[in-house]
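Here's the structure, in structure tokens; my notes come after.
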Protein chains: 2
Amino acid sequence: MSQDKIISFENIRVACRSCSLNALCLPMGLSSEDVEKLESIIKRSRPLHRGEHLFSGGERFQSLFVVKTGSVKTYTPSSEGGEQVLGFHLPGEIVGLDAIDQDFHSCSARVLETSAICEIPFRRLEELAATLPSLQHQLYRLLSKEIVEESELLMLLGKRNAEERLASFLVSLSQRFGKRGLSTTDFHLSMSRHEIGNYLGLAVETVSRLFTRFQDERLLDVDRKHVQVLDMARLETLAGVAQNRASRRESN
Amino acid sequence: MSQDKIISFENIRVACRSCSLNALCLPMGLSSEDVEKLESIIKRSRPLHRGEHLFSGGERFQSLFVVKTGSVKTYTPSSEGGEQVLGFHLPGEIVGLDAIDQDFHSCSARVLETSAICEIPFRRLEELAATLPSLQHQLYRLLSKEIVEESELLMLLGKRNAEERLASFLVSLSQRFGKRGLSTTDFHLSMSRHEIGNYLGLAVETVSRLFTRFQDERLLDVDRKHVQVLDMARLETLAGVAQNRASRRESN
DNA sequence: CGTACTATTGAGCGCTCTCAAAACCAGTGG
DNA sequence: CCACTGGTTTTGAGAGCGCTCAATAGTACG
């Protein structure tokens with residue numbers, strides 16, 4: 001009977017996938033009516049096309065955004081028209097958490113390809129969370145997770161060489177595609193080499209050379225933006241375990 | 001009369017400073033009884049001495065910690081005893097936000113000098129927040145702020161050269177000391193050159209050379225761990241505006 | 001006052017950036 | 001279909017920043 005109201009994690013997962021809210025309700029024990037409440041505040045927008053903005057830096061904070069399909073790039077415009085890429089956001093991931101603090105967006109977000117995006121008005125989410133402890137906790141977790149992931153990236157940029165950075169990047173993409181049920185070894189890069197370089201703190205030329213090298217070493221098969229991982233184990237080794245050089249710098 | 005219950009921001013500030021909760025209640029509109037509730041869940045621990053841990057990576061998540069006096073370093077131990085410094089936490093700042101997500105600490109935290117630390121059991125804070133919307137919102141902001149600050153650091157590590165990194169580091173310390181009413185131009189570095197280098201992704205030798213250079217250029221006066229900023233304007237320029245080189249890499 | 005640690009300074013090298021040019025691709029219009 | 005244009009990617013050659021190794025100097029502590 002309570003089974004009527006409490007749906008299982010699996011079902012929630014399915015329900016949420018349909019509304020692209022994995023990120024929010026995946027690990028929660030929300031009853032079906034709670035899920036309905038959550039869904040009721042979500043706006044579904046028309047598909048956005050390459051180059052369109054979810055929001056721009058400085059804009060008033062209204063909503064969080066969940067990527068349903070496609071991909072989003074967040075970046076901070078810098079002087080002279082240059083930009084600093086802060087992250088790439090794939091289906092199931094949330095964009096806009098940076099804006100809660102100051103109540104305006106500290107970065108800009110634009111879609112890299114035609115994408116379906118859900119919008120969650122934050123005020124209403126906050127109100128709802130106040131009445132649903134598990135949702136409240138989930139929100140804290142979400143924010144905390146973002147912090148942990150940024151710490152990891154931070155380490156990547158601080159201590160790893162070019163090879164390790166690109167390997168980590170590819171492994172990360174692979175794992176994130178995997179979470180959504182997509183292929184972990186065969187995927188499309190929606191961002192340019194330049195954007196990858198910008199994100200990883202490398203020059204475009206270095207990124208390009210590395211792709212060629214990885215291909216020569218039979219790690220990858222690269223055709224423009226299509227990547228096929230041929231040797232995931234070795235790629236993961238490069239990404240994670242290959243801290244030999246870096247750990248020397250760490251250790252003192 | 002409601003003045004009896006609602007204390008001004010200034011008073012809250014004072015009240016909170018005494019309990020080192022600036023970070024939590026500074027921008028809130030909590031009534032005095034609410035502040036009392038908040039204070040009631042805070043544990044004050046005995047002073048910790050250099051090298052003692054607040055928590056270690058992998059430990060069960062129990063509490064957040066607020067630095068009252070002294071300083072704390074967070075880091076992730078890596079293979080072979082090396083470590084990656086994730087951040088330095090000064091008085092008024094919060095440690096432990098990374099642990100909310102997985103319910104265990106993803107990094108370790110140890111004090112760099114004799115420090116007074118307050119402990120806030122997170123479960124109780126969460127319960128309290130559920131009944132106090134402004135506290136709930138403040139918690140969201142706190143987490144969001146951490147995300148924004150990490151993004152900034154991310155940019156630092158990705159795109160800036162050694163000089164710019166150290167300058168940014170010093171400016172950041174200066175500003176954070178300033179927030180606590182301490183001198184912005186005259187302060188003590190509680191961390192070693194090695195830890196600074198580790199944090200900034202630089203070799204110890206590079207950090208040392210830069211300190212010498214900054215001193216030669218009359219930017220700083222450095223005596224061991226005592227730093228005096230002689231030309232803050234120029235230091236800030238180095239830290240922030242000096243994106244000439246970096247922005248070339250950004251712009252494509 | 002020796003031991004261990006931390007910081008400084010010097011010399012050389014390697015990774016990655018920079019500059020430059022060519023190849024490739026996508027879209028447009030003749 | 002092809003030429004034209006703007007953009008992206010690739011490839012090459014050289015230079016410089018910051019790392020590495022090594023040695024010295026300074027500091028803390030028993």
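Just so it is clear: chains get the letters A, B, ... in the order the sequence lines come, proteins before strands, and each one is counted from 1. Side chains are part of it too, since the values below use all heavy atoms of this structure and drop only hydrogens, waters and symmetry mates.
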Any chance you could list the contact pattern along nucleotides 10-16 of chain D? Use B for base contacts, S for sugar-phosphate-only contacts and - for none, protein heavy atoms under 4.0 Å, 5' to 3'. BBBB---
Does any part of the side chain of B:R176, heavy atoms only, come nearer than 4.5 Å to the side chain of B:R180, both counted from C-beta? no
Is there side-chain contact between A:D231 and A:R218, with heavy atoms separated by less than 4.5 Å? no
Please determine if B:E205 and B:R193 form a salt bridge, counting it only when a charged side-chain N lies under 4.0 Å from a carboxylate O. no
What residue among A:V72, A:V66, A:T69 forms side chain to side chain contact (heavy atoms under 4.5 Å, CB included) with A:I117? A:V72
Within this structure, what is the [atom1]-to-[atom2] distance between [X] and [N], rounded to whole angstrom?
X      : N      : atom1 : atom2 : answer
B:L157 : D:dC17 : CG    : P     : 19 Å
B:L166 : D:dG18 : CG    : C1'   : 14 Å
A:N161 : D:dT20 : CG    : C1'   : 15 Å
B:R50  : D:dA28 : CZ    : C1'   : 12 Å
A:K225 : C:dC25 : NZ    : P     : 14 Å
A:M191 : D:dT8  : CE    : C1'   : 15 Å
B:I196 : C:dA7  : CD1   : C1'   : 11 Å
A:L210 : C:dC17 : CG    : C1'   : 13 Å

Mind checking whether A:F122 and A:F61 have parallel, tilted or perpendicular rings, split at 30° and 60°? tilted
Ranking A:D223 and A:A162 by the position along DNA chain C of their nearest nucleotide, the one closer to 5' is A:A162
Tell me if the centroids of the rings in A:F187 and A:F177 come within less than 6.0 Å of each other. yes
